Number of protein chains: 2
Amino acid sequence: MRGGAGLMVKITDVARHAGVSPSTVSYALSGKRPISDDTRQRVEASIRELGYRPHAGARALASNRSNVLALVVPLRAGIHVPVVMQFAVSVVTTARQYDHDVLLLTQEEGEEGLSRVADSALVDALIVMDVQLHDPRLALLRSLERPSVMIGFPLEPAGLTCVDLDFKAAGELCVEHLARLGHRAVALVGSPPEVYVRQTAFAQRVVEGFTAAADRNGMVSSVHPCEADPAAARAAAERLLREQPALTGVVVHNEAVLEPLVEAFEQLGLRIPGDLSVTAICPDELAGSLRLPVTSVAVPSAELGERAVQLLMRKLNGSDSVPEATLLPPRLTDRGSTAPRDAL
Amino acid sequence: MRGGAGLMVKITDVARHAGVSPSTVSYALSGKRPISDDTRQRVEASIRELGYRPHAGARALASNRSNVLALVVPLRAGIHVPVVMQFAVSVVTTARQYDHDVLLLTQEEGEEGLSRVADSALVDALIVMDVQLHDPRLALLRSLERPSVMIGFPLEPAGLTCVDLDFKAAGELCVEHLARLGHRAVALVGSPPEVYVRQTAFAQRVVEGFTAAADRNGMVSSVHPCEADPAAARAAAERLLREQPALTGVVVHNEAVLEPLVEAFEQLGLRIPGDLSVTAICPDELAGSLRLPVTSVAVPSAELGERAVQLLMRKLNGSDSVPEATLLPPRLTDRGSTAPRDAL
DNA sequence: CTGAAAGCGCTAACAG
DNA sequence: CTGTTAGCGCTTTCAG
């Protein structure tokens with residue numbers, strides 16, 4: 001009843017079976033022109049009965065649309081794998097709602113990979129993650145003529161569509177939260193050094209927001225990049241306590257070390273939130289799953305993926321009013337890892 | 001110089017520019033028939049100069065090959081995200097070496113998703129992860145006519161191509177390692193209960209191997225499914241010590257709890273490996289990155305991905321001698337978390 | 001509301 | 001070694 005590679009049911013088969021022309025079958029499928037109820041039913045019945053599936057390649061050739069999106073995922077050090085995965089799944093799921101599929105590309109393929117899938121019409125549009133402040137792919141994406149959405153904001157986003165959590169506001173929100181609780185000295189435990197070196201936008205922005213808010217509130221602040229392993233976390237904790245005895249508030253923007261860092265603080269004799277208030281910028285699932293849940297600003301990977309696809313769909317449909325910048329406002333969830341400083 | 005959606009350079013343009021026929025360009029590209037050196041050079045120069053990229057859809061239509069593989073990734077609870085991601089990246093990277101791309105599907109799409117991409121000729125072949133012992137997709141995959149490779153072994157793999165780590169042997173290897181060190185009582189801390197309930201092949205096989213080897217060596221053994229969170233890990237550690245005071249060897253097959261479990265044992269006053277020997281079945285990166293590195297049998301995601309693609313390529317090329325079963329032998333790396341029982 | 005027919009860009013016989 | 005040509009299966013004018 002259904003065919004494999006060789007025995008494909010084609011649109012002419014369906015047409016014959018339903019007693020209509022191929023174009024009518026096509027239009028019944030696409031809805032691009034009105035079909036009488038009676039005809040539509042017969043066509044649909046034939047399609048079901050014969051197990052017809054339009055040939056993707058033929059369709060792409062004739063319609064100039066592949067109904068495939070490219071998703072470029074980063075691989076490099078310092079990016080939290082579950083975030084990437086959740087984002088990817090969200091992109092796939094949302095794309096399916098718009099009848100699109102997703103082609104997976106790795107950052108490694110570089111600009112050549114983007115050109116390849118775009119120029120060969122393998123994909124209709126692209127989603128690019130892990131954008132640097134000065135990303136070498138910007139020029140390419142601008143010239144591509146196929147729509148794209150970037151996750152993250154480069155320094156010069158003009159002419160491109162970007163979506164991201166407002167990481168600067170997220171940094172600020174954490175600090176303001178601590179400020180309201182009366183804390184006077186805060187530290188940011190950030191991403192691994194290499195992330196800053198390669199000028200990853202979101203890491204940099206957190207630092208900006210963190211510092212700005214601390215300054216604004218007259219707080220003492222410091223920033224500490226941290227490698228993504230437990231030993232580094234422990235070392236960072238020790239160093240923090242040694243160098244800044246007055247410290248009462250910490251913001252962690254580094255998924256990999258959040259848990260070991262909290263454990264280290266406790267093993268060093270600090271109670272949380274009694275002696276030290278801790279906030280994080282990380283996925284809610286992570287913050288909530290710890291032995292000691294952490295108050296955090298969510299990195300909403302799933303929502304970002306959904307937004308990215310929706311924006312692309314609007315661009316593909318020629319909608320003219322697609323915003324260049326979409327900054328999701330940070331939302332802080334209190335999980336009890338922060339307390340008023342007066343408590344001391 | 002290079003075209004966007006509308007201004008595509010096509011094979012006839014290249015042909016004219018190089019002063020040859022379209023078929024010659026096609027053959028120069030595919031190598032499917034001999035081309036004189038001179039002609040080939042002219043064609044290649046024209047391709048470069050015009051920035052020609054073959055239209056993927058047209059190619060798929062004419063050649064009956066899309067050069068795209070489908071990869072179905074699992075989403076469900078109890079699967080370790082980094083393993084999936086590393087596997088996916090390995091599949092993409094390897095596929096590129098064979099000039100193929102990878103379409104990402106989620107398990108959620110189910111059998112319908114498989115049929116869709118296979119029957120529409122969107123993909124040439126499929127890779128399916130997270131196979132259950134009685135996987136509902138088996139029948140479909142057998143009937144599909146497009147080649148597929150499964151990661152994992154169902155109970156009835158006849159007619160299908162499967163690749164996996166030999167999890168049974170992995171379980172055995174861990175136990176044998178402990179037996180050789182003189183341990184007499186061992187416990188397996190396994191995957192979350194739901195993983196066993198849904199009869200995930202690899203989890204089951206580890207239990208088999210673990211138990212068989214323990215019995216063979218006259219050891220006392222027990223199996224403990226464990227939820228994938230730190231609290232559960234701690235609870236499991238306490239329970240183990242309470243219920244089995246004679247316990248001196250533990251095998252952990254649960255990436256999510258390895259680290260908290262080890263920490264819990266230590267906090268409960270056990271030195272590793274002095275009082276307790278710990279081994280794990282998990283990615284080498286995880287075992288090696290812990291504060292206290294753990295002796296482990298590697299789950300070789302990257303190699304599995306590579307193998308899967310290679311097998312598919314052989315099947316696509318009509319190679320007849322493609323093995324139905326590929327079981328990678330387990331390899332144990334000693335990281336010092338095990339010691340002779342005599343030391344006690 | 002429906003049909004007929006002209007391609008979409010490429011590959012693979014077939015012919016030389 | 002190279003050219004000519006007939007499709008691949010679908011969409012979309014153009015006609016009615």
Side-chain angles (χ1 to χ4, degrees), chain A residues 3-44 46-47 50-68 99 118-122 124, chain B residues 3-44 46-47 50-68 99 118-122 124:
Chain A
L7 2 149
M8 284 248 313
V9 178
K10 52 188 78 159
I11 199 170
T12 50
D13 298 329
V14 176
R16 192 176 328 113
H17 186 274
V20 298
S21 74
S23 60
T24 296
V25 176
S26 176
Y27 285 119
L29 242 25
S30 70
K32 289 190 182 173
R33 87 181 184 189
I35 303 278
S36 77
D37 244 37
D38 176 54
T39 308
R40 154 167 290 118
Q41 315 240 306
R42 280 213 320 289
V43 169
E44 282 170 357
S46 299
I47 288 177
L50 301 178
Y52 170 64
R53 296 275 168 133
H55 186 290
R59 204 168 228 199
L61 179 56
S63 69
N64 205 19
R65 281 294 182 86
S66 67
N67 274 35
V68 175
D99 194 30
D119 293 346
S120 68
L122 224 195
D124 296 331
Chain B
L7 0 147
M8 284 247 314
V9 178
K10 52 188 76 160
I11 200 170
T12 51
D13 298 329
V14 176
R16 193 176 326 115
H17 186 275
V20 299
S21 75
S23 61
T24 298
V25 177
S26 176
Y27 286 119
L29 242 23
S30 69
K32 289 190 181 174
R33 83 181 186 190
I35 303 280
S36 76
D37 245 37
D38 177 54
T39 307
R40 156 168 290 120
Q41 315 241 306
R42 282 213 318 290
V43 169
E44 282 169 357
S46 298
I47 288 177
L50 300 178
Y52 169 65
R53 300 268 187 181
H55 187 289
R59 205 169 229 197
L61 179 56
S63 70
N64 205 19
R65 280 296 182 87
S66 67
N67 275 37
V68 175
D99 194 30
D119 293 346
S120 68
L122 224 195
D124 297 333

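Since the structure is predicted, the reported quantities are computational estimates derived from the model, not experimental observations.
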Q: Using a cut-off of strictly less than 4.0 Å between a heavy atom of the residue and any atom of DNA chain C, enumerate the qualifying residues of residues 10-22 of chain A by number.
A: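 Only A/Gly19, A/Val20, A/Ser21 qualify.
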Q: Which value, rounded to the nearest 0.5 Å, describes the distance between B/Asp99 atom CG and B/Ser30 atom OG?
A: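 Here the rounded value is 11.5 Å.
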Q: Kindly write out the residues that satisfy side-chain hydrogen bond (donor to acceptor under 3.5 Å, both in side chains) with A/Ser21, not counting sequence neighbours, or none if the list is empty.
A: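 side-chain hydrogen bond (donor to acceptor under 3.5 Å, both in side chains) list for A/Ser21, sorted by chain: A/Ser23, A/Thr24.
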Q: Between C/dC10, C/dT2, D/dC10, which one does the side chain of B/Arg59 approach most closely?
A: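 It is C/dC10.
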Q: Enumerate the residue pairs fulfilling salt bridge (Lys or Arg N to Asp or Glu O under 4.0 Å) with a member in residues 20-30 of chain B, sequence neighbours excluded, ordered by first and then second residue.
A: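 Residue pairs passing salt bridge (Lys or Arg N to Asp or Glu O under 4.0 Å), neighbours aside: none found.
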Q: Tell me the interatomic distance from B/Leu61, atom CG, to C/dG9, atom P, rounded to whole angstroms.
A: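 Taking atom P of C/dG9 as the reference, CG of B/Leu61 is at 12 Å.
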Q: Test of understanding: with side-chain hydrogen bond (donor to acceptor under 3.5 Å, both in side chains), list the residues that count as partners of A/Arg40, not counting sequence neighbours.
A: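 Checked A/Arg40 against side-chain hydrogen bond (donor to acceptor under 3.5 Å, both in side chains); zero matches.
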Q: Are the side chains of A/Tyr27 and A/Thr39 in touch, meaning some heavy atoms are under 4.5 Å apart?
A: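 No, side chains not in contact.
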Q: On a plain distance test, is the side chain of B/Ser23 in donor-acceptor contact with the base of D/dT2 below 3.5 Å?
A: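 It does not, because no donor-acceptor pair links the side chain of B/Ser23 to the base of D/dT2 below 3.5 Å.
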Q: OG1 of A/Thr12 to NE2 of A/His17: how many Å apart, nearest 0.5 Å?
A: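 With rounding to 0.5 Å, OG1 (A/Thr12) is 13.0 Å from NE2 (A/His17).
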Q: With sequence neighbours excluded, give me every salt bridge (Lys or Arg N to Asp or Glu O under 4.0 Å) pair touching residues 13-25 of chain B.
A: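 Sorted result for residues 13-25 of chain B: B/Asp13-B/Arg16.
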Q: If we fit an axis to the first five pairs and another to the last five of the helix from C/dC1-D/dG16 to C/dG16-D/dC1, what angle do they make, to the nearest 10°?
A: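 It comes to 30° between the two terminal axes.
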Q: Could you state the CD-P distance from A/Gln41 to C/dT2, rounded to the nearest angstrom?
A: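 Going from A/Gln41 (CD) to C/dT2 (P), I get 12 Å.
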Q: The criterion is side-chain hydrogen bond (donor to acceptor under 3.5 Å, both in side chains); which residues satisfy it with B/Ser120, sequence neighbours excluded?
A: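 None.
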Q: Rounded to whole Å, please give me the gap between CG in B/Asp119 and C1' in D/dG9.
A: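 Computing the B/Asp119:CG to D/dG9:C1' distance gives 15 Å.
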Q: For A/Ser26, which residues count as a side-chain hydrogen bond (donor to acceptor under 3.5 Å, both in side chains) partner, sequence neighbours excluded?
A: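 In terms of side-chain hydrogen bond (donor to acceptor under 3.5 Å, both in side chains), with neighbours along the sequence ignored, A/Ser26 is linked to no residue.
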Q: In whole angstrom, what separates A/Asn64's CG from C/dC8's C1'?
A: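 Distance, rounded to whole Å: 8 Å.
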Q: Enumerate the salt bridge (Lys or Arg N to Asp or Glu O under 4.0 Å) contacts for residues 28-37 of chain A, please, sequence neighbours excluded, ordered by first and then second residue.
A: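 Passing the test, one end in residues 28-37 of chain A: no pairs.
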Q: Among all residues two or more places apart in sequence or in another chain, which pass the side-chain contact (heavy atoms from CB on, under 4.5 Å) test with A/Ala118?
A: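 Checked A/Ala118 against side-chain contact (heavy atoms from CB on, under 4.5 Å); matches are A/Leu126, A/Leu144, A/Arg146.
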Q: Residues from residues 24-37 of chain A sitting under 4.0 Å of DNA chain D, heavy atoms only?
A: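 Contacts with DNA chain D under 4.0 Å: A/Ser26, A/Tyr27, A/Lys32, A/Arg33.
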Q: C/dC1, C/dT11, D/dC10: which one has an atom nearest the side-chain heavy atoms of A/His55?
A: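 Nearest to the side-chain atoms of A/His55, counting from C-beta on, is D/dC10.
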